[in-house]
Amino acid sequence: MTKTASHAPVRKTAANRQPTKRVPKGRDPRVGIVSLGCPKALVDSERILSRLRAQGYEITDSYDGADVVIVNTCGFLNSAKQESLDAIGEAIAENGRVIVTGCMGGNEDSIRSVHPSVLSVTGPQQYESVVEAVNNAVPPKHDPFMDLVPPAGLKLTPRHYAYLKISEGCNHRCTFCIIPSLRGDLASRSARDVLIEAENLAKAGVKELLVISQDTSAYGLDLKHAESTWRGRKVKARMTELCDALSELGIWTRLHYVYPYPHVDEIMPLMAEGKVLPYLDIPFQHASPQVLKAMRRPANQEKVLERLRRWREAVPDLTIRSTFIVGFPGETEDDFNFLLDWLDEAQIDRAGCFKYENVDGATANNLEDHVDEDEKQDRWDRFMETQRQISEAKMERKVGTVVDVLIDEVDEDGAIGRSSADAPEIDGNVFINGDEGASLSPGDVVRVTVEAAEDYDLWGSLAPKQ
Ligand code: SF4
């Protein structure tokens with residue numbers, strides 16, 4: 001069953017008892033949005049905007065033109081919280097009428113103590129409450145035609161790729177993370193719901209679906225993998241069955257936030273057949289058994305290395321992306337060296353690395369032996385250099401090969417795209433310079449002969465058509 005959005009009422013306070021704004025006759029009410037945080041938060045923003053657009057609101061990207069501004073906050077790290085508070089402050093200074101939602105909205109006092117004048121505060125996924133707050137601040141124009149929104153909804157990402165959220169929440173309790181307390185336990189959408197949304201996105205011109213959740217491999221566990229009907233047949237709420245069904249749409253499917261559970265082996269044949277992109281985003285976070293234990297992450301690094309080896313045998317062009325944390329409380333020099341050696345052995349293709357930070361409410365804050373900031377920086381530098389060398393060698397080996405590239409941007413100098421190895425925003429790019437690149441359009445999928453490589457990016461020219 002799809003998790004329904006919370007209908008928590010918008011709390012009335014002196015601050016949000018501001019008079020309702022009157023919109024001049026003849027024009028639609030306008031809403032601005034500032035969307036911070038991860039792709040999951042971006043999907044929430046898109047859902048909110050789709051609902052508002054359906055009610056006749058115009059969406060504007062300027063503070064000046066907006067009758068009210070929504071700030072969708074991120075509350076993951078303390079630095080992200082500060083960024084959210086700054087964004088709220090800017091929206092208040094520039095516009096004055098501000099509605100706050102998102103992860104940080106789960107703790108209303110932390111926002112109101114800094115910005116008492118915000119009109120309302122709601123937590124993540126409280127779409128109905130945000131829409132209600134906007135309706136209170138600026139009533140919608142009555143419009144008998146509700147067909148203002150394409151079935152795919154409104155998207156904040158470019159038209160040719162879209163994030164597809166398959167579940168919310170998480171059953172793990174990693175000690176550095178407060179997402180389960182903000183978003184609750186795993187709650188999966190039915191396969192039918194996900195597939196209908198994906199189908200509408202494909203019909204609207206989307207060429208790449210980025211499947212997201214907190215734990216994609218756990219998809220459907222809470223539903224006991226219940227079947228639902230799509231295109232006249234039953235589809236199980238389970239990662240393999242969902243990926244197989246998504247492949248019928250004939251567009252790229254990229255999997256994020258996958259854990260290396262044994263059943264992920266089942267995805268390899270789908271990748272080998274070209275049904276799913278040969279790309280897995282697996283947030284390993286560390287490799288040292290002691291650190292993983294302190295993080296409370298379920299993992300056994302030997303089995304993981306063995307699994308990676310078998311996956312690469314089955315799918316030689318598989319790209320593994322991951323994220324890591326260095327300087328976790330109690331991480332010793334030996335733990336860190338273990339991580340560097342593991343990285344070398346695992347040959348992780350793409351990696352992001354964060355220096356550990358305390359997060360309000362996380363149990364890791366209370367662990368002993370916090371690592372000092374200079375040491376964290378030093379480990380981060382060494383990690384990034386090791387990863388750069390792995391990536392440089394891997395990219396160099398791609399010179400002379402032909403890769404499929406999805407074009408993201410085009411200007412008079414050429415085109416910028418991504419191969420199956422590159423997720424948007426976080427990985428590398430493929431550049432096609434000159435007239436042949438400039439003649440392409442965003443959303444085109446072309447074959448490119450790779451001619452040059454740098455640490456993370458590739459350059460090439462169009463390959464002859466097959
Ligand atoms: S898996 Fe761990 S880090 Fe990821 S959302 Fe769940 S608790 Fe947080």
Side-chain angles (χ1 to χ4, degrees), residues 3 36-44 72-81 102-107 123-125 163-189 210-223 239 255-264 280-301 303-304 307 320-331 339 348 350-367 423 426:
K3 185 178 183 185
L36 302 168
C38 62
K40 289 164 278 240
L42 191 66
V43 171
D44 288 347
N72 190 2
T73 57
C74 173
F76 186 47
L77 295 173
N78 287 347
S79 49
K81 287 182 186 168
C103 284
M104 206 183 159
N107 182 353
Q125 306 152 255
Y163 294 97
L164 182 67
K165 200 191 248 186
I166 60 172
S167 63
E168 270 297 351
C170 179
N171 289 344
H172 300 297
R173 294 295 181 263
C174 303
T175 51
F176 56 83
C177 177
I178 54 165
I179 283 176
S181 65
L182 291 173
R183 300 196 166 217
D185 282 340
L186 178 75
S188 306
R189 303 172 65 195
L210 302 132
V211 175
I212 56 167
S213 66
Q214 307 295 345
D215 179 356
T216 295
S217 25
Y219 169 65
L221 265 178
D222 53 313
L223 303 178
M239 188 171 78
L255 300 176
H256 287 277
Y257 313 112
V258 175
Y259 282 79
Y261 301 136
H263 72 268
V264 177
L280 278 178
D281 175 6
I282 306 176
F284 287 115
Q285 309 300 12
H286 215 283
S288 151
Q290 291 84 316
V291 178
L292 288 170
K293 195 165 167 223
M295 288 177 165
R296 270 203 237 134
R297 308 254 323 156
N300 174 327
Q301 82 287 349
K303 278 199 190 143
V304 167
R307 182 152 277 130
I320 304 280
R321 142 158 280 274
S322 190
T323 45
F324 295 87
I325 297 173
V326 295
F328 191 76
E331 181 193 64
L339 170 62
I348 299 298
R350 312 279 198 190
C353 182
F354 299 94
K355 284 170 273 178
Y356 171 81
E357 262 184 50
N358 274 348
V359 174
D360 286 347
T363 49
N365 304 357
N366 305 323
L367 293 174
I426 51 176

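Note that this is a predicted model, so its numbers are computed, not measured. FYI, side chains are in, hydrogens and waters are out, and symmetry mates aren't considered; it's all heavy atoms of this structure. Order of listing sets the numbers, starting from 1, for every ligand and every atom in it. Positions are given from 1 along the sequence.
- Between the side chain of H263 and the backbone N or O of S217, at least one donor-acceptor pair lies under 3.5 Å.
- Looking from atom 1 (S) of ligand 1 to the surrounding protein, the closest heavy atom is Y259 OH, 3.1 Å.
- The contact set between ligand 1 and F176, taken as ligand atoms under 4.0 Å from a residue heavy atom, comprises 3 (S).
- For atom 8 (Fe) of ligand 1, the closest non-hydrogen atom on the protein side is C177 SG, 2.3 Å.
- Under the 30°/60° scheme for interplanar angles, the aromatic rings of F328 and F176 are found to stand perpendicular.
- Rounded to the nearest 0.5 angstrom, S79 OG and K355 NZ are separated by 10.0 Å.
- Heavy atoms of R297 come nearer than 4.0 angstrom to ligand 1 in at least one pair.
- Judged by distance alone, with hydrogens and angles left aside, the side-chain atoms of S188 form a donor-acceptor pair with the main-chain N or O of G220 at under 3.5 Å.
- Short contacts between ligand 1 and C170, defined as distances under 4.0 Å to a heavy atom of the residue, involve ligand atoms 1 (S), 5 (S), 6 (Fe), 7 (S).
- Judged by distance alone, with hydrogens and angles left aside, the side-chain atoms of R297 form a donor-acceptor pair with the main-chain N or O of P283 at under 3.5 Å.
- For ligand 1, the atoms sitting less than 4.0 Å from at least one non-hydrogen atom of P180 are 7 (S), numbered in the order shown with element in parentheses.
- In terms of protein heavy-atom proximity, atom 5 (S) of ligand 1 is nearest to Q214 OE1, 3.7 Å.
- Between the side chain of R350 and the backbone N or O of A423 there is no donor-acceptor pair closer than 3.5 Å.
- Among all protein heavy atoms, the one lying closest to atom 2 (Fe) of ligand 1 is C174 SG, 2.3 Å.
- Remark: side-chain polar atoms of N171 are paired, donor with acceptor, to backbone N or O of L186 under 3.5 angstrom.
- The closest approach between Y257 and ligand 1 stays at or above 4.0 Å for every heavy atom of the residue.
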